[in-house]
Amino acid sequence: MNLIDKVSIKDMMKDLNLEPVYMPENKDYYVYSQDINRPGLQFAGYFEYFAHERIQIVGKAEYNYFSYIDEKTRAEVLDKFFSEEIPALVVTRGLEVKPDVIEFAKKHNRVILSTKRNTTRFINRLSNYLDDRLATHTTLHGVLVDVYGIGV
C-alpha cells in the first residue's frame with residue numbers, strides 16, 4: 001500500500017500554473033489536506049474554528065470585504081491569520097495582493113500564490129488535483145489463476 005500524504009507547493013504551482021507572489025526561501029512547503037478554506041470569517045476576525053491546515057482561497061468577495069476594513073483591524077487580522085500554519089494563500093481572478101498582506105506573509109514565512117482563474121473554477125480544479133494527489137493508492141500484482149481448468 002502506498003500512501004501519499006503530502007503535495008509539494010512547488011509541484012502544485014507548476015501543475016496548476018500558479019504564480020508566486022511571495023515564496024519564502026530555503027524551505028520546502030507542503031499541503032497535507034485535500035480540503036480548502038475561504039477565509040471570509042477569519043477576515044471578519046473569527047478564528048475559533050479556523051481550518052488553518054487547508055489551502056486558503058481568497059476570491060472577489062473576501063477581497064472586497066477586506067478592503068473596507070480599517071488599517072488597524074486589518075493589521076491585527078493579518079497578523080493572526082498568518083501566525084497560523086497555513087500551507088498557502090491563493091488569490092484568484094488576478095486580484096492585486098496588497099502590500100500589507102505580503103508584509104505579514106513575510107513576517108510569518110507564509111506562501112502567497114496567485115491565479116487569473118475565477119474562484120469557482122479554480123476551487124474545482126484545485127479540489128480535483130488534491131483529491132488525486134493525496135488519495136490513498138494501493139498497488140496489487142495480479143496473476144492468472146486456473147480454477148478447474150478455467151482461467152480466472
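What you see is a predicted model; the values in this text were computed from it and never measured.
F66 meets the ring pair (Phe, Tyr, Trp, His ring centres under 6.0 Å) test with F43; sequence neighbours excluded.
I112 is not listed as a side-chain neighbour of F104, based on a closest heavy-atom distance of 4.5 Å or more. Within the 4.5 Å cutoff, the side chain of S114 has no heavy atoms near those of the L18 side chain. Residues F82 and L89 are in side-chain contact: their nearest non-hydrogen atoms beyond the backbone lie under 4.5 Å apart. A 4.5 Å side-chain heavy-atom check between H108 and E84 finds every atom pair outside the cut-off. In this structure, the side chains of R93 and T119 come closer than 4.5 Å at one or more pairs of heavy atoms. Residues R74 and D100 have side chains in contact (heavy-atom distance under 4.5 Å, counting atoms from C-beta outward). The shortest side-chain heavy-atom distance between E85 and E53 does not fall under the 4.5 Å cut-off. I36 places none of its side-chain heavy atoms less than 4.5 Å from the side chain of F122.
The line from CG of D132 to OG of S127 is 12.5 Å long, rounded to the nearest 0.5 Å. Interatomic distance, CZ of F81 versus CZ of F47, reported as 7.0 Å (0.5 Å rounding). With rounding to the nearest 0.5 angstrom, the CD atom of Q56 is 10.0 Å from the CD atom of E62. For the atom pair OG of S83 and CG of L78, the computed distance is 10.5 Å after rounding to the nearest 0.5 Å. The distance from atom CD of Q34 to atom CG of L126, rounded to the nearest 0.5 Å, is 11.0 Å. Of the inter-residue distances, the one linking I9 atom CD1 with Y29 atom OH reads 10.0 Å to the nearest 0.5 angstrom.
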Trace of the side-chain hydrogen bond (donor to acceptor under 3.5 Å, both in side chains) decision for D70 with T73: CA-CA 6 Å; D70 66 89; T73 304; 2.8 Å; yes
Evaluate the criterion side chain to side chain contact (heavy atoms under 4.5 Å, CB included) for residue pair I102 and K98; output intermediate values, then yes/no. CA-CA 7 Å; I102 297 170; K98 303 289 185 184; over 6 Å; no
What verdict does the side chain to side chain contact (heavy atoms under 4.5 Å, CB included) test give for R121 and N118, after you've listed the backbone C-alpha separation in whole Å, the side-chain angles of each residue and the deciding distance to 0.1 Å? CA-CA 6 Å; R121 292 188 194 279; N118 88 23; 3.5 Å; yes
With side chain to side chain contact (heavy atoms under 4.5 Å, CB included) as the test, would you mind laying out the steps for D28 and K10 before giving the verdict? CA-CA 8 Å; D28 292 326; K10 288 180 182 175; 3.8 Å; yes
Please evaluate residues V90 and T115 with respect to the criterion side chain to side chain contact (heavy atoms under 4.5 Å, CB included), reporting the C-alpha separation (whole Å), side-chain torsions for both, the decisive distance (0.1 Å), and the verdict. CA-CA 7 Å; V90 181; T115 180; 4.2 Å; yes
Going through the distances and angles, do R133 and Y129 end up as a side-chain hydrogen bond (donor to acceptor under 3.5 Å, both in side chains)? CA-CA 6 Å; R133 293 289 307 270; Y129 176 80; 2.7 Å; yes
Could you walk me through whether N37 and H52 satisfy the side-chain hydrogen bond (donor to acceptor under 3.5 Å, both in side chains) test, starting with their C-alpha distance in whole Å, then the side-chain angles of each, then the deciding distance to 0.1 Å, before giving a yes or no? CA-CA 8 Å; N37 185 59; H52 63 83; over 6 Å; no
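The backbone N or O of P87 sits nowhere less than 3.5 Å from a side-chain atom of Y32 that would complete a donor-acceptor pair. Of the possible donor and acceptor atoms, one in the side chain of T92 sits under 3.5 Å from a partner among the backbone N and O of V58.
Taking all atoms of both residues into account, the shortest heavy-atom contact from M12 to V31 is SD-CG2, 4.3 Å. Taking every heavy atom of both residues into account, P24 and V111 meet most closely at CD-CG2, 3.9 Å. For the residue pair Y22 and A105, the shortest heavy atom distance occurs at CE2-O, 3.9 Å.
Residues I86 and L130 fall into different hydrophobic clusters, defined by Ile, Leu, Val, Met, Phe, Trp and Tyr side chains chained together at heavy-atom separations under 4.5 Å. L41 and Y49 fall within the same hydrophobic cluster, where Ile, Leu, Val, Met, Phe, Trp and Tyr residues are linked whenever their side-chain heavy atoms come under 4.5 Å apart, directly or through other members.
Salt-bridge annotation for K80 and E76: absent, with no side-chain N of the basic residue lying under 4.0 Å from a carboxylate O of the acidic one. Using a 4.0 Å cut-off between charged nitrogen and carboxylate oxygen, K107 and E103 do not count as a salt-bridge pair.
Both the sub-6.0 Å distance and the 45° axial angle are satisfied by K6 relative to the ring of Y30.
Residue I123 is tested with N128, I57, I55 for a side chain to side chain contact (heavy atoms under 4.5 Å, CB included); the sole match is I57.
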